[in-house]
2 protein chains.
Amino acid sequence: MSEKKVVSIKDIAALSGVSIATVSRIINKKGRYSKETEKKVMDIIESHGYVSNMAAKSLREAKSHTVGLIVPDISNDFFSTISLHVEKFFADAGYSVFICNSANDSEKEKAYFRTLDSKLVDGIICISGLQSLPSDLTPRNIPIVCIDRYPENDKNIPIVSSDDTMGSYLATEHLIKKDCKNILFIANFTADYNRKTRYHGYEKAMKDYNMDIKKQNIIYLSGDQPSYVESEVQISNMIQNGYEFDGIFASSDRAALGALYALKRHNIDVPNKVKIVGFDNSLYSQLPSPSISTISRNTTMLAENGSQVLLDMMEGKTIENHRIIVPINLIERESSK
Amino acid sequence: MSEKKVVSIKDIAALSGVSIATVSRIINKKGRYSKETEKKVMDIIESHGYVSNMAAKSLREAKSHTVGLIVPDISNDFFSTISLHVEKFFADAGYSVFICNSANDSEKEKAYFRTLDSKLVDGIICISGLQSLPSDLTPRNIPIVCIDRYPENDKNIPIVSSDDTMGSYLATEHLIKKDCKNILFIANFTADYNRKTRYHGYEKAMKDYNMDIKKQNIIYLSGDQPSYVESEVQISNMIQNGYEFDGIFASSDRAALGALYALKRHNIDVPNKVKIVGFDNSLYSQLPSPSISTISRNTTMLAENGSQVLLDMMEGKTIENHRIIVPINLIERESSK
DNA sequence: ATGAAAGCGCTAACAA
DNA sequence: TTGTTAGCGCTTTCAT
């Protein structure tokens with residue numbers, strides 16, 4: 001490994017015959033230097049491949065031009081799409097982003113908050129699995145924005161989310177209008193985060209249309225296995241037990257897919273005998289045959305709005321709206337035709 | 001925003017009545033302090049929620065406990081799965097990872113190299129879209145490891161990749177053994193990166209089995225549209241033109257899916273009339289009906305081996321093996337039964 | 001076992 | 001327009 005000496009601002013100053021203060025001003029375009037010195041210095045910088053030492057700059061400015069992004073699992077496409085847009089947004093704004101996979105593990109997630117804080121990130125954007133966000137998680141008390149899920153907290157953290165309850169309402173209403181009389185609700189497992197919001201939409205739609213909500217129609221997944229597996233098993237069991245139903249609203253596309261597999265396996269026609277709606281507009285609803293109707297959250301807006309709010313906070317602006325709700329909509333596909 | 005003062009090592013020292021040197025040794029477990037002082041200091045650290053300032057530490061040590069990960073697009077599940085495992089690996093090793101989406105844009109990617117360098121990352125792991133990796137991209141000349149793709153370079157950068165040529169060979173051979181007589185090859189678009197390796201596997205298998213390689217059987221996608229769209233259009237055209245074939249090897253699952261759509265649309269039975277094999281074992285091959293046979297690269301091994309090599313380099317170990325080939329295998333599904 | 005002090009590279013206040 | 005210098009928080013060498 002060739003040991004080229006790394007050039008510092010001091011070297012550039014010496015090489016160009018000016019002071020380091022001048023070089024610093026030129027690098028940061030702060031003015032107070034002549035066109036000639038600027039050119040002279042910039043030439044030296046170019047030819048020596050100087051890049052400034054961000055650790056020194058961060059230390060000095062107590063600001064790192066870096067943000068942290070905490071997601072449960074970046075290999076999940078909902079989270080990875082959000083990550084893509086968050087990273088793009090901040091790259092354009094001159095920030096780098098640390099990626100952290102919490103795996104829905106509370107201790108891990110807390111550790112990430114501390115690590116990010118110690119790395120002097122200027123802000124954190126998180127899709128948190130935590131029940132609450134104690135303020136001592138980040139001693140430096142940096143700006144935080146939540147996306148999608150909202151842990152309790154005592155510092156009025158902004159939240160950008162989609163209206164899940166409305167989404168569930170739309171999905172359920174859609175099935176009702178398609179003449180389904182006995183609609184199952186599959187509640188996906190989501191760790192600490194509560195699954196009530198999506199249930200509420202189902203509940204409200206059922207009530208609004210004067211339909212009975214039967215206990216046995218509510219199916220909870222445990223999270224012990226991939227949700228499509230659990231879902232397939234549970235729906236299969238119901239079919240084998242002779243339980244009849246004609247509509248399924250699953251609070252995740254994967255659970256919806258599991259249900260579809262179960263129905264296919266038992267040769268029950270979808271959508272003619274049973275109609276299905278999922279949640280997320282992921283590949284799990286787009287690709288199967290029949291394709292699965294679903295609720296789409298606007299991931300791009302979720303990511304961009306969240307990033308913008310965080311940037312505003314980092315720049316010291318005051319945030320007027322601490323609850324941003326991003327539109328949600330029903331996508332009709334073959335499974336509920 | 002409450003302005004809690006951030007406590008530094010100096011504060012901890014004052015609070016515990018020892019010198020900052022002692023506190024530093026205790027934090028870093030360097031020894032040369034008594035059990036009692038250790039306890040006293042640790043208590044103060046706990047109760048004041050002290051976290052060390054990594055910028056200062058980085059500046060001092062010229063090392064940031066941070067690595068950079070450059071991928072074309074993290075929302076693509078091949079890349080996001082790799083990212084997950086890279087991040088996990090480095091988190092366990094005490095490093096944070098910067099995520100960068102190059103969007104297959106050379107200029108952007110180069111800018112990321114410079115930014116990462118200036119942020120003092122200790123190493124970079126990349127799935128590069130670059131044709132070559134000039135050594136002045138990172139003036140500090142930090143360790144770099146390539147995964148999957150291998151740009152030209154003059155510093156013997158380690159590469160961890162799967163044997164794509166072998167994968168293509170296996171796919172083509174599989175179709176031949178299934179009695180396909182006229183096999184199309186769909187070459188996915190991949191920016192700068194050359195698409196020859198996958199073609200070579202097809203070519204070799206065809207030759208080994210004494211099959212003709214017809215010019216009109218090689219289909220190139222331009223990258224102007226999503227590959228499944230382009231693929232569907234091209235295969236549709238061939239069918240409409242009355243061109244007959246009974247096997248398709250697509251160098252990406254998406255392209256394979258587009259082909260499947262085209263065949264379905266023309267009511268051509270898969271696998272009975274035409275058999276299909278894709279590449280990547282992504283959801284695009286797993287979820288459709290019929291499910292698509294595919295070549296699986298071991299993403300976990302790709303990520304973990306790459307990370308391990310980078311870590312070794314960062315720790316100054318000498319790397320004996322600069323080309324790590326990760327196993328690849330054929331997954332038979334319904335599309336080639 | 002502990003402490004004093006230099007210095008990592010940079011910015012900004014102050015001087016000229 | 002330019003330069004001098006203090007100091008950001010930390011590690012480490014050298015004393016003690």
Side-chain angles (χ1 to χ4, degrees), chain A residues 5-42 44-45 48-66 94 114-115 117-122 139-140, chain B residues 5-42 44-45 48-66 94 114-115 117-122 139-140:
Chain A
K5 187 190 172 301
V6 178
V7 315
S8 73
I9 194 173
K10 202 162 138 191
D11 302 320
I12 299 297
L15 254 13
S16 10
V18 299
S19 74
I20 56 171
T22 301
V23 177
S24 174
R25 284 188 212 108
I26 290 173
I27 290 167
N28 298 294
K29 306 195 194 313
K30 298 258 169 153
R32 314 207 302 161
Y33 47 78
S34 67
K35 267 267 162 281
E36 305 88 69
T37 24
E38 176 176 15
K39 174 157 178 25
K40 184 172 60 185
V41 171
M42 287 310 283
I44 306 262
I45 284 178
H48 289 259
Y50 166 78
V51 286
S52 74
N53 182 319
M54 289 297 286
K57 193 179 174 118
S58 297
L59 175 59
R60 180 57 225 233
E61 297 183 320
K63 157 156 204 3
S64 63
H65 304 275
T66 291
R114 293 192 164 279
T115 305
D117 193 44
S118 81
K119 295 237 161 135
L120 294 189
V121 296
D122 301 325
R140 286 167 51 242
Chain B
K5 189 189 173 297
V6 179
V7 315
S8 73
I9 195 174
K10 202 162 138 193
D11 302 319
I12 298 297
L15 254 12
S16 9
V18 298
S19 73
I20 55 174
T22 301
V23 176
S24 173
R25 286 188 209 107
I26 291 174
I27 290 167
N28 298 294
K29 306 196 194 312
K30 297 259 169 154
R32 312 207 302 159
Y33 47 79
S34 67
K35 267 268 165 278
E36 304 87 70
T37 23
E38 177 176 15
K39 171 152 178 33
K40 185 171 60 184
V41 171
M42 287 310 282
I44 306 264
I45 285 178
H48 289 259
Y50 167 78
V51 287
S52 76
N53 182 318
M54 289 299 286
K57 192 181 176 116
S58 297
L59 174 59
R60 179 58 223 235
E61 296 183 321
K63 162 156 198 4
S64 63
H65 304 276
T66 290
R114 294 194 163 278
T115 304
D117 193 44
S118 80
K119 295 236 161 137
L120 295 189
V121 296
D122 302 325
R140 287 169 49 243

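So that the names make sense, note that chain A is the first sequence line, chain B the second, and so on, each numbered from 1.
Taking the side chain of S24(A) as heavy atoms from C-beta on, and the options dT11(C), dG3(D), dA5(C), the nearest nucleotide is dT11(C). With dA5(C), dC8(D), dT11(C) as the candidates, the nucleotide lying closest to the side chain of E61(A) is dT11(C). Side-chain proximity of R25(A) to dT2(D), dC10(C), dA5(C): nearest is dT2(D). Comparing atom distances between the S19(B) side chain and each of dG9(C), dT2(C), dC10(D) picks out dT2(C) as nearest.
In this structure, S118(B) contributes its side chain and V51(A) its backbone to no donor-acceptor pair below 3.5 Å. Under the 3.5 Å distance criterion, the side-chain polar atoms of S16(B) are left unmatched by any main-chain donor or acceptor of V18(B).
If you measure from atom CD1 of I20(A) to atom P of dT4(D), you get 9 Å, rounded to the nearest angstrom. In this structure, R32(B) places its CZ atom 11 Å from P of dT2(C), rounding to the nearest Å. Straight-line distance from the NZ atom of K30(B) to the C1' atom of dT12(D): 8 Å, rounded to whole Å. Taking atom CG on L120(B) and atom P on dG9(D), their separation rounds to 18 Å, with Å as the unit. K29(A) places its NZ atom 16 Å from the P atom of dC10(C), with the value rounded to the nearest Å. Rounded to an integer number of Å, the gap from CD of E36(A) to C1' of dT2(D) is 13 Å. As rounded to whole Å, 13 Å separates atom C1' of dC10(D) from atom CG of D11(B). A straight line from CD1 of I26(B) to C1' of dC10(D) spans 15 Å, rounded to a whole angstrom.
The side chain of K57(B) contributes an N or O atom lying less than 4.0 Å from OP1 or OP2 of dT11(D).
Across all strands, S52(A) comes closer than 4.0 Å only to sugar-phosphate atoms, never to a base (heavy-atom distances). Residue contacts shown for T37(B) are limited to sugar-phosphate atoms, with no base heavy atom under 4.0 Å away. Using a 4.0 Å heavy-atom distance criterion, S34(B) is classed as a sugar-phosphate-only contact.
A heavy-atom distance below 4.5 Å is found between the side chains of I27(B) and I45(B). Annotation: side chain of R25(A) is in contact with side chain of T22(A) (closest heavy-atom distance under 4.5 Å).
Taking 4.0 Å as the cut-off between side-chain N and carboxylate O, K35(B) and E38(B) count as a salt-bridged pair.
Projected onto DNA chain D by closest heavy-atom contact, R60(A) and N28(B) fall at different nucleotides, the more 5' of which corresponds to R60(A). Between T22(B) and I9(A), it is T22(B) whose nearest contact on DNA chain C lies nearer the 5' terminus.
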